[in-house]
K.L.:
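One structure, as C-alpha cells, below. Some questions next.
Start at 1 with the first residue, then count along the sequence. One-based numbering, in listed order, for ligands and for the atoms of each.
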Amino acid sequence: MERRVEDPEMGVTETRRPTDGEAPREQRFERWLAERVRPEDGQIPAFIFSSPEVYQLELERIFARNWLFVAHDGEVPEPGDYVTRRMGEDPVIVVRGEDNEIRVFLNVCRHRGMRLCRADLGNTSHFRCPYHGFTYDNGGHLVGVPFHKEAYGERLDKEQLSLLQARCERYAGLVFATWADAGPSLEQYLGDMRWYLDLLLKRAKMEVVGPPQRWTVDTNWKLPADNFASDAYHTATTHASIAAIGLAPSIGFGKDGYQIRAGNGHGLGLGIGPGPVVPPEVLALYERHLSSEQIDVWRRMQNLHATVFPNLSILMSSATGPQGRRVIHTTVRQWQPLGPDRLEILSWLVVESEADPQWKEMCRRAYILTFGTSGIFEQDDTENWSNITANVRGAIARETLNFNYTMGIGSEEPVTGFEGPGRALGTKFQEANARAFYRRWLDLLLSAD
Ligand code: FES
Ligand code: FE
C-alpha cells in the first residue's frame, strides 16, 4: 500500500511505500525520482528544474562521467595556446602542449587547491600558482617549487603532483573531455550524431570567429538543452515577431522537416524547404568535403538545431537580412551550469575558412542580429527559460506540476527515404527527442557507478 508523506529533509511531497522509510536517504531520493520522472509518458516534474539535490546528482553522475564539449580546436592553434573552461563546476584548462597535443587539466593546484590559471585565454609554456608559486609546464607536470630544498628537503615527489588530467578527444574540430577513465570513445559516444556534425562542421574547413560570446541567464541548463534537441513548436509563438518584421517567411517557418533521434540522448531538428540557403559558390565548397547524400540534404535544408547530450548545442539558422538577402549562419554553444537556476552560455560563430570575406561578414552580422548575446531570437528564448525557472522555485509549481512532453506520442514511426542515420520522424512538431533526452538523463542519474 502506498501513502503520501511530507519529507521535511527533502522538502518535497513524495509517494512511497512504508518500508522506504528505512532505506538510506540517497536511495529514497532516487526511487522517488524514478517514480516521478516518466519520459515515455511525457511527464517531467517541475522540481527537476530547480532542485539542488537533483543538480548535485547531475554534477556527479552526468557532468563528471560523460564526454563534455570544452573548446573548438581553432581556439588553441599554436603550442602553448590555452583557454579556461568548466566541466560541470570543475574548472579546467584546455591547452595545446609543446608536442602539439591538446590536453585538458583540472585547473586546481595540487598543493592546496588554488585556481591555477585565472585568465580566460592566452599562450604560455608554464602555469604558476598565485598562492605559493608551484609551477607546472603546459604538459601538466609540476616542474617548479619555490625554495624546494629549504622547504621540503628530498621529501616532495613532484612526479606524484602533476595536474589531474581528463581524457580528451576531438571530432570535427570540437574538443571533448571526460573524467571517466573507461567507457566509450568519443566517436562511439557521438554515434549517429557524427553524420550531422559532419554536415555542419566538416562541410568545409571551418574556423571560429574570435573567442566565444558569453553571457549568463537565470535558468536551469536542461531547458535550453532540450529546446535545441526537440522544440521547434515554440518558434511559431515565441519568435512570431521575426516573421512579422519579415526576417522569416511565415510563423510556420519552424515546422517542416524532420526530428531525428540520434541515440545517447542526442537529437536534432532539421528544417526542409525549397532551395539551398547558401549561394552556389559556397555550396560548391561543400561538394569537396561531403557525401552526395549530405549534399542532397544541403540543397533542401533551411535550418538545423541539435543537442549533443548533455550540454552542447549547434544551430544553423537562416534569416533574411536588412538588404533582403537570405543568410545562414552556424553557431556552437555550450550550456554551462552555474547552479540549479543559473547558466552561462558560451557561443561560437563558425564560418567557412575559404569563403569570400563578404560571406563571412554577412554571417557575422546575421549572428549578431539573431542569436548573439543581444540577438532578437536569443532574447525571445531566454525570457521563456528564465521565467520558467523562476516559477518552479515556488512551492506549488515545484511540487505539484508535471511538464507536458506528450507531443507525438503514438506517432513515432520513422520515415523512409531520409538520407541520414538515426530515427527520423516526418515533422519537427514532435517531442520524441525531449523524451529521449530525459530518458538518458534519468538513466544516468539512477546509475550509481
Ligand atoms: Fe598552489 Fe599553494 S595552492 S602553490
Ligand atoms: Fe527559440
Side-chain angles (χ1 to χ4, degrees), residues 84 91 93 105-118 126-137 140-148 150-152 156-158 160-164 215 217 219 221-244 247-248 251-255 257 259 267-271 302-307 313-319 329-331 333 335 343 345 347 366-367 369-389 428-431 433-434:
T84 53
I93 307 172
F105 298 110
L106 190 68
N107 187 9
V108 173
C109 178
R110 292 294 306 274
H111 178 225
R112 209 68 65 73
M114 181 63 185
R115 179 80 55 93
L116 185 61
C117 177
R118 293 152 69 90
H126 292 81
F127 297 98
R128 185 168 189 269
C129 179
Y131 197 174
H132 310 93
F134 276 29
T135 300
Y136 303 81
D137 67 20
H141 309 101
L142 177 61
V143 293
V145 174
F147 301 100
H148 187 167
E150 295 94 319
Y152 291 100
L156 190 73
D157 184 354
K158 290 202 300 240
Q160 297 298 316
L161 293 173
S162 295
L163 295 176
L164 297 189
W215 63 100
V217 180
T219 188
W221 68 272
K222 295 186 290 300
L223 291 169
D226 99 38
N227 175 288
F228 271 60
S230 189
D231 192 343
Y233 184 53
H234 78 285
T235 56
T237 303
T238 292
H239 303 306
S241 59
I242 309 300
L247 294 185
I251 61 165
F253 70 91
K255 177 173 153 301
Q259 183 170 106
L268 64 142
L270 194 156
Q302 307 295 299
N303 53 60
L304 187 148
H305 50 89
T307 291
S313 288
I314 299 175
L315 176 66
M316 196 188 71
S317 168
S318 61
H329 72 280
T330 306
T331 50
R333 49 175 62 203
W335 313 112
L343 177 77
I345 299 174
S347 169
Y367 168 52
L369 176 70
T370 56
F371 282 102
T373 308
S374 57
I376 47 181
F377 282 71
E378 195 66 35
Q379 302 304 308
D380 295 340
D381 286 321
T382 51
E383 175 62 18
N384 290 333
W385 303 329
S386 56
N387 192 280
I388 293 167
T389 303
K428 288 177 74 192
F429 283 4
Q430 245 294 357
E431 288 171 344
N433 278 359

K.L.:
In terms of atom number and element, which parts of ligand 1 are under 4.0 angstrom from non-hydrogen atoms of Cys129?
P.N.:
1 (Fe), 3 (S), 4 (S)
K.L.:
Using a 3.5 Å distance criterion without hydrogens, assess whether the side chain of Thr135 forms a donor-acceptor pair with backbone atoms of Gly133.
P.N.:
yes
K.L.:
Can you list the atoms of ligand 1 that are under 4.0 Å from a heavy atom of Cys109?
P.N.:
1 (Fe), 3 (S), 4 (S)
K.L.:
Classify the side-chain pair Ser313/Thr307 by whether it contains a donor and acceptor separated by less than 3.5 Å.
P.N.:
yes
K.L.:
Going by the atom numbers of ligand 1, which of them fall below 4.0 Å from some non-hydrogen atom of Gly133?
P.N.:
4 (S)
K.L.:
Let me confirm one number: the CG-NE2 distance from Leu142 to His126, rounded to the nearest 0.5 Å.
P.N.:
10.5 Å
K.L.:
Would you check if the Fe ion (ligand 2) lies under 2.8 Å from any N, O or S atom of Asp380?
P.N.:
no
K.L.:
For Met114, take its heavy atoms, then give the atoms of ligand 1 lying under 4.0 Å from any of them.
P.N.:
3 (S)
K.L.:
Considering only N, O or S atoms, which atom of His239 is nearest to the Fe ion (ligand 2)?
P.N.:
NE2
K.L.:
Can you classify the ring geometry of Phe228 versus Trp385 as parallel (below 30°), tilted (30 to 60°) or perpendicular (above 60°)?
P.N.:
tilted
K.L.:
Rounded to the nearest 0.5 Å, how far does OG1 of Thr370 lie from CD of Glu378?
P.N.:
8.5 Å
K.L.:
Examine the side chains of His239 and Asp381 and answer whether a donor and an acceptor come within less than 3.5 Å of each other.
P.N.:
yes
K.L.:
Of all the atoms in ligand 1, which lie at a distance below 4.0 Å from a heavy atom belonging to Phe134?
P.N.:
4 (S)
K.L.:
If you check every N/O/S atom of Asp381, which is the one nearest the Fe ion (ligand 2)?
P.N.:
OD1
K.L.:
Which of the N/O/S atoms in His132 sits closest to atom 2 (Fe) of ligand 1?
P.N.:
ND1
K.L.:
If the plane angle is over 60° it's perpendicular, under 30° parallel, otherwise tilted; pick one for Tyr136 and Phe134.
P.N.:
tilted
K.L.:
Check whether any N, O or S atom of His111 sits under 2.8 Å from atom 2 (Fe) of ligand 1.
P.N.:
yes
